There are 2 protein chains.
Amino acid sequence: MQQEVREQLKAKLAQHGVSATNQRIDIAEVLFEMPQHMSAEQIIERLKSNDKSVSKATVYNTLNMFVAEGLLREVHVDPERTFYDSTTHPHHHFFNVKTRELIDIPASEISVGQMPPLPAGTVAEGLDVVIRIRPSPV
Amino acid sequence: MQQEVREQLKAKLAQHGVSATNQRIDIAEVLFEMPQHMSAEQIIERLKSNDKSVSKATVYNTLNMFVAEGLLREVHVDPERTFYDSTTHPHHHFFNVKTRELIDIPASEISVGQMPPLPAGTVAEGLDVVIRIRPSPV
DNA sequence: TTAATTGCAAACATTTTGCAGGTTC
DNA sequence: GAACCTGCAAAATGTTTGCAATTAA
């Protein structure tokens, strides 16, 4: 049963040209269990509590590879850490600056109207909308 | 003449409750010369080439204080460094992921339509739109 | 068996901090 | 002279790298 999930993940990695080692599947298992945003440290903690031992270096190597191959998206809103977002199709985020939590906003719920002309000699790579929020004051 | 600029900056700092030391004015001089985005290191370099010697610690302390007092805005798009934006009124950015440069987009040039409801118990603090760009392929 | 991958520890880069000495009002 | 500010060096993070040992095709 668990084994089946791992087989599916192996296929997913293969589709993106990533050969599947045990460690990479362990990491994928954490990330792709549900749509979510995690920092490298959170991933390492989760692996630990799942009794999987994967070194920090391998976690970072793997995350960078997943990003390069389009399996993951990096989100940069918190200067202290990079978040890895297991949802790769276009969408946006709330960022709670107090709790440092990211919350998805489906692309359909925000409409960005006219776009300014791009600077000469450049092409657009992506559009990120971040709504910074904080807990309501008492 | 130069002296006059420094007097104006001193007044600007005072308005924001920041007492004006020589170092703080040196830093303000660099930042507020024109609307721009600089990393701490770029600011330190500029100070050096202006023959102003301000220690790294003081630059960081000052930048944090300016941000806290609303004289500056931090921009987080590049995981490797924080940018300090001398334009504090609402606007958006192009970020060239190759050259790591920020370019302003006036708020009027982007219209963000409907906004999704905020998560319960939170209030909005700000809206950031970043259009990631890269040099056109040859 | 050759190439790819892992893990450790050391290296790095950016930012923060502790504290002694200096400055300011 | 009391409170504040600066600068140095050391510390703290988060991330990357070098390299020897291990695993996989």
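Keep in mind it's a predicted model, so treat the numbers as computed, not measured. In what follows, chains carry the letters A, B, and so on, assigned in the order in which the sequence lines appear, proteins first and then strands, with residues in each chain numbered from 1.
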Nearest-angstrom distance from the residue atom CD of A:Glu41 to P of D:dT16: 15 Å

What nitrogen or oxygen pairs link the protein and nucleotides 19-25 of chain D at under 3.5 Å?
none

Whole-Å gap separating P (C:dT15) and CE (B:Met65): 18 Å

By side chain to side chain donor-acceptor pair (under 3.5 Å) - contacts of A:Asp128 (at least two apart): A:Arg73, B:Arg132

Contact under 4.0 Å: A:Asn64 side-chain N or O vs D:dT16 OP1/OP2: yes

Rounded interatomic separation in angstrom, taking CG from A:Leu63 and P from C:dT6: 12 Å

Nucleotide C:dT16, atom P - distance to CD1 of B:Ile44 in whole Å: 12 Å

Any pair counted as ring-ring contact (aromatic ring centres under 6.0 Å, His included), so long as it reaches residues 112-133 of chain A, sequence neighbours left out: none

Nearest-angstrom distance from the residue atom CD1 of B:Ile43 to P of C:dT14: 13 Å

Considering all heavy atoms, the nearest B:Thr87-B:Asp85 contact: N-OD1, 2.8 Å

Interatomic distance where CG belongs to A:Leu13 and C1' belongs to C:dA4 [whole Å]: 15 Å

Nearest-0.5 Å distance, CG of residue B:Leu13 to NZ of residue B:Lys10: 9.5 Å

Near-strand residues of residues 73-86 of chain A, defined as heavy-atom separation under 4.0 angstrom from DNA chain C: none

Integer-rounded Å distance: C:dT23 P and B:Ile25 CD1: 16 Å

Below 4.0 Å: OP1/OP2 of C:dT23 and any side-chain N or O of B:Gln23: no

Close residues, residues 46-61 of chain A, relative to DNA chain C [heavy-atom separation under 4.0 Å]: A:Ser53, A:Val54, A:Ser55, A:Ala57, A:Thr58

Given A:Glu45, A:Arg46, A:Lys52, the one that forms side chain to side chain contact (heavy atoms under 4.5 Å, CB included) with A:Lys48: A:Glu45

Stepwise salt bridge (charged side-chain N to carboxylate O under 4.0 Å, His left out) test for A:Glu41 and A:Lys56: CA-CA 9 Å; A:Glu41 216 202 324; A:Lys56 192 178 287 197; over 6 Å; no

Length of the CE-P vector between B:Met38 and C:dT14, whole Å: 15 Å

Side-chain donor-acceptor pair present, B:Asp104, B:His93, cut-off under 3.5 Å: yes

Contacts of B:His92 that satisfy ring pair (Phe, Tyr, Trp, His ring centres under 6.0 Å) - sequence neighbours left out: none

Backbone of A:Ser39 reached by a side-chain donor or acceptor of A:Gln42 within 3.5 Å: yes

B:Arg24 side chain vs B:Ser19 backbone, donor-acceptor pair below 3.5 Å: yes

Nearest non-hydrogen partners of A:Leu72 and A:Leu31, listed with the distance: CD1-CD1, 3.8 Å

